[in-house]
Amino acid sequence: MHPPLTLHKHPMCAEIIEEFQKCHLDHPIGKFLGECTDLKIKLDRCFRQEKALKRKANFEQSKKMKERLDALRKENAL
């Protein structure tokens, strides 16, 4: 299962999302028989990469926030 296929939430994967949605429109019955499976696999990989980048950015942001908080605690302890 994939997240909602909204283009504005997944700019990195927008091209693959459009291809996947077009495949579903072009093959209304074939989509159930594996016609769009290759695109689905590409889409899943793209979502994983996108999530890894977001996770890394969030981790970096949390490290900065923790350092700032530690500095404030040291300041107030003195």
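Taken to the nearest 0.5 Å, the NE2 atom of His10 stands 11.0 Å off from the NZ atom of Lys51. For the atom pair Thr37 OG1 and Lys31 NZ, the distance stands at 12.5 Å (nearest 0.5 Å).
The closest side-chain heavy-atom distance from Glu35 to Asp26 is not below 4.5 Å. In this structure, the side chains of Leu5 and Phe47 come closer than 4.5 Å at one or more pairs of heavy atoms. Gln21 is not listed as a side-chain neighbour of His24, based on a closest heavy-atom distance of 4.5 Å or more.
Exactly one of Arg73, Lys66, Met65 qualifies for a side chain to side chain contact (heavy atoms under 4.5 Å, CB included) with Leu69. That residue is Arg73.
Closest non-hydrogen pair, Phe20 versus Cys36, comes out as CE1-O, 3.8 Å. The two residues Cys23 and Leu39 have their closest heavy-atom pair at CB-CD1, 3.8 Å.
Shown here is Glu60, whose CD atom has more than 12 heavy atoms of other residues, nucleotides or ligands within 6.0 Å. A 6.0 Å sphere centred on NZ of Lys42 holds no more than 12 heavy atoms belonging to other residues, nucleotides or ligands.
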- Message: salt bridge (Lys or Arg N to Asp or Glu O under 4.0 Å) for Asp44 and Lys40? Distances and angles first, verdict last.
- Response: CA-CA 6 Å; Asp44 287 341; Lys40 171 74 168 110; 2.8 Å; yes
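Under a hydrophobic-cluster definition in which Ile, Leu, Val, Met, Phe, Trp and Tyr are linked whenever side-chain heavy atoms come within less than 4.5 Å, directly or via other members, Leu7 and Ile16 are assigned to the same cluster.
Applying the salt bridge (Lys or Arg N to Asp or Glu O under 4.0 Å) rule to pairs touching residues 3-20 yields nothing, sequence neighbours excluded.
Apart from Leu33 itself, the hydrophobic cluster it occupies contains Ile29, where clustering links Ile, Leu, Val, Met, Phe, Trp and Tyr at side-chain heavy-atom distances under 4.5 Å.
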